[in-house]
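Written below as structure tokens is the structure these notes are about.
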Amino acid sequence: MGVKSLYISSIEKASGSLIVTMGMMEILKRRLERVAFFRPIIEDNENRDHDIEFVLEKFDLDMRYSQSYGFTVHEAEAMIAENKINELIEALIDKFKKLEKKYDFVLIEGLNQACFTQSIDFDINLMIAKNIGSPVVVILKGKDKTKKEVMDEITIESEVIKKSGCTHFATFVNRMNEDVLAKLSNEISNIPTYYLPEVLELDNPTINEIIKQLHCMLVVGEEKDFKRVVKQSKIAAMKLENFLDHVEDGDLIIVPGDRADIIIGSISTIQSRNYPNIAGLLLTGGMTPNSAIRSLIEGFNEFPMPILSVNDDTYTTAMKVNGVPAEITAKSERKIALAQGLFSSNVDIKRIEEKITTASSQTITPMMFEYNLFERARSNRKKIVLPESEDERILRATEILLRRDVVDIILLGKKEEIEHRSASLGLDISKADIVCPCDSPLMDEFIDEFYKLRKKKGLTLDGAKDAMSHETYFATMMVHLGYADGMVSGAIHTTGDTIRPALQIIKTKPGISTVSSIFFMCLDTKVLIYGDCAVNQDPNANELAQIAISSSDTAKIFGIDPKVAMLSYSTGSSGQGDDVEKVRIATSLVKKTRPDILVDGPIQYDAAIDLKVAKKKLPNSEVAGRANVFIFPDLNTGNNTYKAVQRSSGAVAIGPVLQGLKKPVNDLSRGCLVADIVNTVAITVIQAQENDGVES
């Protein structure tokens with residue numbers, strides 16, 4: 001029988017429990033719909049428990065805060081002191097069993113042993129884990145420890161777990177020094193052991209955390225810039241010309257509010273390409289820049305660096321800044337992406353999954369679907385080209401994708417400009433490959449290839465040169481010739497600008513003449529596919545059949561067993577008219593061309609999705625009431641329906657995803673969010689994986 005819970009236990013403070021909790025929760029949420037999070041004992045803080053708040057929000061768990069913990073440290077120690085340890089354990093078992101009965105899996109995170117008084121001379125986490133029958137994931141802190149010290153700790157802790165009567169599931173050693181890490185293997189006997197290196201950024205606060213802790217007033221800046229990481233703080237006490245020599249990347253400059261020279265000089269560093277990019281300015285003494293300085297600041301086209309103000313003096317402020325703890329909150333997108341990439345890159349996910357052998361659920365939540373996208377993408381990395389590097393959303397998505405370690409990214413544009421822009425936004429895209437089409441050695445090859453492809457259509461050599469000067473054409477040619485595995489565009493270009501080069505260069509798959517699109521509609525408990533909602537305005541019967549075939553094939557690629565409904569305003573033979581006849585012919589063409597596809601139509605939406613309605617309107621259909629791929633008769637119907645469902649039900653709509661091309665090219669909405677770009681790139685990677693070994 002597979003396990004239904006895991007207990008994460010750490011010995012020391014700051015050992016990185018939340019990183020492991022986050023990684024394990026991602027693994028669970030990929031496979032299971034209902035996962036609970038439980039902390040048997042929490043600290044006696046006035047505020048709510050940080051890790052509970054984080055997990056409930058980040059993973060959108062269907063549970064109340066009060067369900068997520070048992071006792072405070074004070075309550076637990078009082079019961080132990082009164083010799084009521086059995087009552088304590090019984091109460092925790094009762095609360096845990098209620099969660100175990102209600103949820104598919106319970107992930108438990110114990111409070112580190114250092115939070116308890118020395119009077120408790122036993123490992124309370126192991127006692128709880130043993131009594132609730134939960135296997136233990138132990139977390140050790142490797143920071144500043146030698147190889148021998150780490151190995152001794154692993155061995156000792158393994159023996160302690162064994163003697164306690166608990167099942168040892170895995171060991172994680174976090175915050176490892178790189179030189180020690182290189183000397184270690186990945187195994188201790190038969191227990192999976194994973195080593196995660198120290199990542200300094202995870203231990204540094206962000207501007208947002210400093211604002212909250214010091215109750216700073218915002219002088220200049222936008223909320224998106226609060227995500228900047230403060231690597232170190234510096235008091236500016238020298239003259240400007242001397243101070244500039246000491247500026248480093250990620251500095252928070254602390255300076256009295258009347259030092260106009262330092263303020264202007266600091267602002268200049270972030271605009272200059274010759275100086276590091278500071279994280280922000282913190283003005284002390286309750287003073288803010290006068291009207292002249294403010295006017296100067298407001299004159300910049302872009303000002304991505306926040307300026308804050310506090311009433312304290314400079315020394316007091318510096319001491320408070322140094323005391324700001326680094327946290328990962330559900331809003332810490334950059335830190336979360338870095339932590340997720342750290343976990344995935346150093347942990348054998350498949351082995352962990354194999355050890356958690358629970359019954360699989362047919363339910364697919366939006367989060368499960370998105371997690372599966374990333375895991376599929378990570379399993380066979382591909383290279384995706386993004387031609388719209390001038391768009392801030394593209395740069396922010398690039399950083400997230402690189403940090404999650406799921407794809408290799410090519411950005412088109414001038415290297416110096418892209419690096420300066422990303423640095424000024426506080427982003428790290430150093431792992432991206434930047435290609436400038438205007439001076440690329442690939443340009444001549446691309447021009448010749450495009451000319452060969454289109455000369456019969458009347459294209460001249462000069463016309464080929466002009467076309468390749470456009471980023472979307474250049475990027476499409478990179479995909480065609482294998483320099484990239486796929487392209488994502490459309491944040492600032494129209495759908496036509498994205499599709500036209502693909503049709504001219506990459507072209508459609510054999511047997512497919514119609515490029516179409518689908519949306520993944522992620523509802524609460526299932527994922528549906530809608531097609532075509534973005535490309536073909538009024539497809540004829542043959543085109544509609546091809547859209548259905550492509551949509552069915554796309555569904556299979558993403559692990560959905562397709563049951564295709566050809567939608568109309570009537571069901572079966574009940575209605576007449578040209579529009580109904582078009583759908584009827586298209587359905588017949590699909591059945592004739594691809595007898596392997598389970599398809600029915602014409603059918604109304606209610607009969608396609610609701611079993612009760614289906615039994616009345618189409619009782620003998622294998623699709624009615626069970627459909628998960630919906631083919632709309634025209635763009636007007638499809639586009640309006642997907643938007644209506646998205647807005648009225650809160651569904652997550654991922655797309656449009658283009659289909660029918662030999663190699664993957666995907667379009668973005670010009671109003672897309674960073675998350676939309678990230679998901680679309682992951683989808684493009686999976687489509688590219690499907691092309692492995694297939695003749696183009």
Side-chain angles (χ1 to χ4, degrees), residues 362-364 366 368-369 372-373 509 511-512 514-536 539 541-568 571-572 582-611 613-614 617-618 621-635 637-646 649 651-660 666 683 686-687 690:
Q362 296 300 313
T363 299
I364 305 175
M368 289 164 66
F369 184 73
N372 282 326
L373 288 182
K509 294 178 179 178
I512 298 291
T514 302
V515 172
S516 59
S517 73
I518 58 101
F519 277 87
F520 291 104
M521 302 299 295
C522 302
L523 306 177
D524 284 343
T525 59
K526 55 188 171 184
V527 175
L528 305 177
I529 287 179
Y530 285 5
D532 175 0
C533 304
V535 178
N536 295 282
N542 183 62
E543 291 168 336
L544 202 59
Q546 291 197 25
I547 292 169
I549 291 169
S550 293
S551 299
S552 176
D553 290 342
T554 298
K556 288 181 179 178
I557 290 172
F558 290 90
I560 297 171
D561 184 20
K563 298 176 181 64
V564 183
M566 306 294 286
L567 298 176
S568 176
T571 296
K582 178 178 77 169
V583 175
R584 186 174 288 117
I585 294 171
T587 305
S588 178
L589 287 171
V590 174
K591 290 179 177 179
K592 181 179 179 180
T593 308
R594 288 284 300 275
D596 60 303
I597 294 177
L598 198 59
V599 61
D600 210 342
I603 186 171
Q604 292 164 287
Y605 192 96
D606 59 348
I609 200 166
D610 191 314
L611 268 173
V613 177
K617 293 188 174 183
L618 217 60
S621 172
E622 294 182 78
V623 172
R626 303 176 180 85
N628 50 21
V629 179
F630 298 81
I631 306 303
F632 294 92
D634 53 60
L635 186 61
T637 308
N639 192 270
N640 278 297
T641 302
Y642 107 76
K643 287 182 177 177
V645 172
Q646 179 188 28
S649 71
V652 176
I654 301 177
V657 177
L658 298 183
Q659 53 189 12
N666 275 312
I683 285 170
I686 295 169
Q687 289 178 311
E690 291 300 308

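- To the nearest 0.5 angstrom, Thr587 atom OG1 is 9.5 Å from Ile603 atom CD1.
- Salt-bridge check for Asp606 with Lys617: passed, with a basic side-chain N closer than 4.0 Å to an acidic carboxylate O.
- At a cut-off of 3.5 Å, with distance as the only test, a side-chain donor of Gln604 or Thr571 sits close to an acceptor on the other residue.
- One finds the SG atom of Cys533 at 9.5 Å from the CG atom of Asn640 (value rounded to the nearest 0.5 Å).
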Would you check, one step at a time, whether the test side chain to side chain contact (heavy atoms under 4.5 Å, CB included) holds for Leu598 with Asp561? CA-CA 9 Å; Leu598 198 59; Asp561 184 20; over 6 Å; no

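- Two residues are said to be in side-chain contact when any heavy atoms from C-beta on lie closer than 4.5 Å; Ile597 and Ile549 meet this criterion.
- A donor-acceptor pair under 3.5 Å is absent between the side-chain atoms of Gln546 and the main chain of Val515, judged by distance alone.
- When all heavy atoms are compared, the tightest approach of Pro539 to Asp634 is CD-CA, 4.1 Å.
- Contact detail for Cys522 and Phe369: the closest heavy-atom pair is SG-CD2, 3.8 Å.
- Within the 3.5 Å criterion, the main-chain N or O of Leu658 finds a donor-acceptor partner in the side chain of Asn666.
- Side-chain contact between Val583 and Leu544 is present, with heavy atoms from C-beta onward closer than 4.5 Å.
- Going from atom NZ of Lys591 over to atom CG of Asp596 covers 13.5 Å, rounded to the nearest 0.5 Å.
- The residues Asp553 and Lys509 are annotated as not salt-bridged, no charged nitrogen and carboxylate oxygen being separated by less than 4.0 angstrom.
- A heavy-atom distance below 4.5 Å is not found between the side chains of Phe632 and Asp532.
- A side-chain donor-acceptor contact under 3.5 Å links Arg584 to the backbone of Gly572.
- Residues Ile609 and Lys526 meet the side-chain proximity criterion, which asks for heavy atoms closer than 4.5 Å.
- Residues passing the side-chain hydrogen bond (donor to acceptor under 3.5 Å, both in side chains) test with Ser588: none are found, sequence neighbours excluded.
- Here the closest non-hydrogen pair linking Pro633 and Leu567 is CD-O, 3.6 Å.
- Side-chain contact between Ile512 and Ser550 is present, with heavy atoms from C-beta onward closer than 4.5 Å.
- Here the side chains of Ile557 and Ile686 are in contact, with some heavy-atom distance below 4.5 Å.
- Asn628 places no side-chain N or O within donor-acceptor distance of the main-chain N or O of Leu528, the cut-off being under 3.5 Å.
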Apply side chain to side chain contact (heavy atoms under 4.5 Å, CB included) to the pair Tyr605 and Asp610, showing each step before the final yes or no. CA-CA 8 Å; Tyr605 192 96; Asp610 191 314; over 6 Å; no

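- Residues Phe558 and Leu373 are in side-chain contact: their nearest non-hydrogen atoms beyond the backbone lie under 4.5 Å apart.
- Donor-acceptor pairing under 3.5 Å is recorded for the side chains of Asp600 and Ser621.
- Residue Leu611 comes nearest to Ala624 through the heavy atom pair CD2-O, 4.1 Å, listed as atom of the first residue, atom of the second, then distance.
- Taking every heavy atom of both residues into account, Ala541 and Ile585 meet most closely at CB-CG2, 3.7 Å.
- Residues Pro562 and Lys556 share a closest heavy-atom pair of CD-CG, 3.7 Å.
- Considering only heavy atoms from C-beta on, Met521 stays 4.5 Å or farther from Ile529 through its side chain.
- Checked against the 6.0 Å centroid criterion, the rings of Tyr642 and Tyr530 do not qualify as a close aromatic pair.
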Criterion side-chain hydrogen bond (donor to acceptor under 3.5 Å, both in side chains) on Gln659 and Thr554, from CA distance to verdict: CA-CA 7 Å; Gln659 53 189 12; Thr554 298; 2.6 Å; yes

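- From Ser568, atom OG reaches atom CD1 of Ile631 across 13.5 Å, with rounding to the nearest 0.5 Å.
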